[in-house]
Amino acid sequence: MQINYQSIGSGGGIKQITEKTVDFGASDAPMNAEELQKAPGIQHIPTVMGAVVVIHNASGVQDLKLTPETVAGIFLGRISAFTYLLVYKDQQDP
């Protein structure tokens, strides 16, 4: 038996399994309903969810504080700059 492992990323692994070019794969991202529909009979076993972190380079900010609402705004693309009012306000609150 020969095993060929390729670290091509979650998206690549999902693409390969749905196109049936591999027999097994792994992904940090769970497959959505459309992807699962493209791979009938697959055994989809979520085992681990990877952490996602916010990284900043705001000058002079030692301990960045963000409310859950602000973090959601960042990941939804509604906030893209530190000068955005909510991010600034979060730094002022105790």
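These numbers come from a predicted model, not from an experiment.
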When you look at CG of Asn32, are more than 12 heavy atoms from neighbouring residues, nucleotides or ligands closer to it than 6.0 Å?
yes
Flag side-chain contact, heavy atom, 4.5 Å: Lys15 against Glu35:
no
Same cluster for Ile42 and Ile45 if Ile/Leu/Val/Met/Phe/Trp/Tyr side chains link at under 4.5 Å?
no
Would Leu36 end up clustered with Ile17 when hydrophobic side chains under 4.5 Å apart are linked, directly or stepwise?
yes
The test is side chain to side chain contact (heavy atoms under 4.5 Å, CB included); show your working for Ile74 and Leu66 and say whether it passes.
CA-CA 10 Å; Ile74 291 168; Leu66 299 172; 4.1 Å; yes
CD (Gln6) with more than 12 external heavy atoms under 6.0 Å
yes
Is the shortest side-chain heavy-atom distance between Pro30 and His44 below 4.5 Å?
yes
Where the side chain of Thr18 meets the backbone of Ile14, is there a donor-acceptor pair that is under 3.5 Å apart?
yes
Which heavy atom of Lys38 sits nearest a heavy atom of Lys20, and at what distance?
O-NZ, 3.4 Å
Tell me, yes or no, whether the heavy-atom count around Glu19 atom CD, taken from other residues, nucleotides or ligands under 6.0 Å, exceeds 12.
yes
Between atom CZ of Phe24 and atom CD1 of Ile3, what is the distance when rounded to the nearest 0.5 Å?
5.0 Å
